[in-house]
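First up is the structure itself, then whatever we jot down about it.
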Amino acid sequence: MPPRKRPEAQLDLLVARADPGRSAAIAALTPAQRDDAIVGQLVAWFELVARDLPWRRRRDPYAVWLSEIMLQQTRVETVIPYFNRFLERFPDVEALAGAEIDEVLKMWSGLGYYRRARVLYATAREVTARYGGNFPGEAAALRELPGIGAYTAGAIASLAFDQREPLVDGNVARVFARLFGIDEEIRTTGAVKRLWEIAWRLVPEERPGRFNEALMELGATVCTPRDPQCGACPLEALCVARASGRVMELPRIDAKKKVPVVKMVAVVLRRGPLVLLARREEGGLFGGLWEPPMVEAASIDEARALLAAVGVGPAIELREAGNVKHVLSHKELRVAVVAGTIPGKTKAPAVLGAPYEKAAWLHPDDAEIGVSTLARKVLAAAGGT
DNA sequence: AAATCGGGGAG
DNA sequence: CTCCCAGATTT
């Protein structure tokens with residue numbers, strides 16, 4: 001969805017031009033005046049440039065909640081097609097509550113952080129059973145639902161219920177760090193506390209959701225991490241970082257340590273058009289998803305216990321089908337893929353052991369099951385689908 | 001406070 | 001390659 005064309009002429013009336021006396025201008029305002037100016041400038045700017053996003057077309061609690069869960073640590077552009085497909089298949093909370101978890105996971109496949117799909121399903125059932133299909137409107141009640149933390153509760157309460165509730169996400173944290181010159185490492189407890197206090201102070205009684213959305217929109221489109229467009233910012237004249245030449249230094253974020261490498265072996269067994277897939281236990285990595293069985297192992301020889309478990313004996317010919325690299329946020333998986341063919345009529349193993357709860361011969365795309373991107377890479381490496 | 005939990009897009 | 005995204009939850 002392309003951003004709406006910016007009406008430059010109107011924007012110029014709002015955006016203060018570069019001004020050497022900016023520091024003095026900020027200092028001349030009382031704190032309350034500065035806050036009022038921030039809210040006013042930001043909302044006026046947002047009214048002009050707001051992107052046309054699918055979840056902005058229906059601000060009902062179900063659509064807001066669904067979009068906010070999907071948007072957790074996930075880019076807008078990535079979410080859009082998932083959101084549209086999801087709403088088409090599950091048009092309301094009752095439809096979602098009446099589905100099977102495996103179909104929900106299927107609709108979530110490729111989006112990542114699959115625990116979100118499970119908490120989504122759990123919340124749909126709870127809202128249907130306990131609240132008669134109506135989401136609670138208070139942030140405190142929303143916060144009790146699975147998968148809804150401080151940010152998401154504030155987002156739903158303000159956007160869908162017009163409650164004066166603040167929110168702080170990655171965008172807001174960056175905007176505040178620059179706007180108010182917060183030097184502290186942005187993820188520390190102290191900084192997070194400050195950010196929420198500022199958000200509480202600023203969020204207006206009048207259309208709080210619009211203000212919250214404007215704040216995030218500014219962080220996403222103007223006050224970006226790499227190449228902030230200060231010349232197009234409605235808050236330029238009010239920004240501490242801009243006035244002190246520290247825009248690129250803020251927010252302060254300490255480097256994250258590099259992720260460990262984990263070597264694995266996956267086995268792709270075919271039986272005619274079907275593939276042996278195993279369902280991972282809920283709770284951990286890729287919980288509830290189906291995949292070709294794999295195990296942490298430094299070599300194929302080290303994975304012989306898994307091969308035995310899936311019924312690969314001396315009579316079954318295996319070939320090395322290649323290697324797959326898959327990077328997660330906290331580890332890097334390097335998977336050696338082996339492939340083979342099993343005679344027809346062979347049953348799937350009843351027990352595979354952790355982390356798998358069961359196994360079956362399935363078609364990865366046709367079955368009503370969730371499949372991770374890693375599993376798709378492994379299947380692709382083995383050839384065909 | 002640190003670790004866990006996906007995947008991809010931008011520079 | 002690095003960074004980080006409309007975070008939540010557990011340890």
Side-chain angles (χ1 to χ4, degrees), chain A residues 50-51 53-56 63-83 105 108-120 122-123 142-156 158-160 166-175 185-193 195-196 199 209 211-221 223-228 248 251 253-260 262 280 282-289 291 325-333 355 370-377:
Chain A
R51 291 171 293 177
L53 302 175
W55 43 89
R56 288 180 177 166
V64 171
W65 163 69
L66 175 62
S67 67
E68 292 301 340
I69 299 293
M70 286 185 164
L71 285 162
Q72 289 171 1
Q73 289 292 285
T74 310
R75 297 181 190 288
V76 164
E77 294 73 21
T78 304
V79 167
I80 289 173
Y82 282 87
F83 177 81
L105 288 167
W108 204 273
S109 293
L111 196 54
Y113 288 135
Y114 297 95
R115 182 178 59 182
R116 294 183 296 172
R118 272 179 285 123
V119 301
L120 193 82
T123 292
L142 288 164
R143 185 69 182 72
E144 297 300 311
L145 294 168
I148 298 182
Y151 162 80
T152 307
I156 299 173
S158 65
L159 292 168
L167 58 76
V168 176
D169 72 334
N171 291 306
V172 176
R174 182 173 57 258
V175 169
E185 211 281 343
I186 199 67
R187 289 169 297 193
T188 61
T189 305
V192 169
K193 186 167 179 293
L195 293 168
W196 278 93
F211 169 76
N212 285 336
E213 215 166 15
L215 213 40
M216 293 189 285
E217 187 92 345
L218 186 73
T221 63
C223 194
T224 52
R226 301 291 185 82
D227 187 26
M248 292 311 294
I253 303 173
D254 292 349
K256 53 188 65 172
K257 53 184 178 184
K258 57 180 182 181
V259 301
V262 178
R280 296 183 73 109
E282 316 230 334
L285 183 64
F286 302 129
L289 301 190
E291 65 188 19
K325 185 170 88 170
H326 194 68
V327 181
L328 309 177
S329 51
H330 63 301
K331 62 179 70 171
E332 177 180 322
L333 306 179
V371 179
S372 70
T373 299
L374 167 61
R376 293 193 191 286
K377 287 184 188 175

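In this text, all values refer to a predicted model and were calculated from it rather than measured experimentally. Numbers restart at 1 for each chain; the letters A, B, ... are given by sequence-line order, proteins then strands.
Here A/Thr152 lies in heavy-atom contact (under 4.0 Å) with sugar-phosphate atoms only. Among the atoms of the strands shown, only primed sugar atoms or phosphate atoms (P, OP1, OP2) are found under 4.0 Å from some heavy atom of A/Ile148. Among the atoms of the strands shown, none is found under 4.0 Å from any heavy atom of A/Trp108.
Sequence order on DNA chain C of the closest nucleotides to A/Arg143 and A/Arg56 puts A/Arg56 first from the 5' end. Residues A/Gly149 and A/Ala255 each lie close to DNA chain C; by heavy-atom proximity, the contact nearer the 5' end of the strand is made by A/Ala255.
Looking at residues two or more places apart in sequence or on another chain, you find no salt bridge (Lys or Arg N to Asp or Glu O under 4.0 Å) involving A/Arg115. The salt bridge (Lys or Arg N to Asp or Glu O under 4.0 Å) test applied to A/Arg75 returns no partner, not counting sequence neighbours. For A/Gln72, the side chain to side chain contact (heavy atoms under 4.5 Å, CB included) partners are A/Ile69, A/Arg116, A/Thr152, not counting sequence neighbours. By the salt bridge (Lys or Arg N to Asp or Glu O under 4.0 Å) test, A/Arg174 is found to be paired with no residue, residues two or more places apart in sequence or in another chain being considered. By the side chain to side chain contact (heavy atoms under 4.5 Å, CB included) test, A/Val262 is found to be paired with A/Met264, A/Glu296, A/Lys331, A/Leu333, residues two or more places apart in sequence or in another chain being considered. For A/Glu144, there are no salt bridge (Lys or Arg N to Asp or Glu O under 4.0 Å) partners, not counting sequence neighbours. For A/Ala150, the side chain to side chain contact (heavy atoms under 4.5 Å, CB included) partners two or more places apart in sequence, or in a different chain, are A/Trp196.
Across C/dA8 and B/dG9, the matching P atoms stand 23 Å from one another, rounded to whole Å. As rounded to the nearest Å, C/dC4 and B/dC5 have C1' atoms that lie 15 Å from one another. B/dA3 sits 25 Å from C/dA6 when the P atoms are compared, rounded to a whole Å. When the C1' atom is compared between C/dT9 and B/dG8, the two are found 23 Å apart, to the nearest whole Å.
Nucleotides of DNA chain C with any atom under 4.0 Å from a heavy atom of chain A span, from 5' to 3', C/dC1 to C/dT9.
A/Leu71 pairs with exactly one of A/Thr78, A/Val79, A/Leu66 by the side-chain contact (heavy atoms from CB on, under 4.5 Å) rule, that one being A/Val79.
Scanning both residues, A/Tyr114 and A/Phe286, for their nearest heavy atoms gives CE1-CD2, 4.0 Å.
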### Query
Reading nucleotides 6-11 of chain B from the 5' end, what letters show protein touch, with B for base, S for backbone sugar-phosphate only, - for no heavy atom under 4.0 Å?
BBBBBS
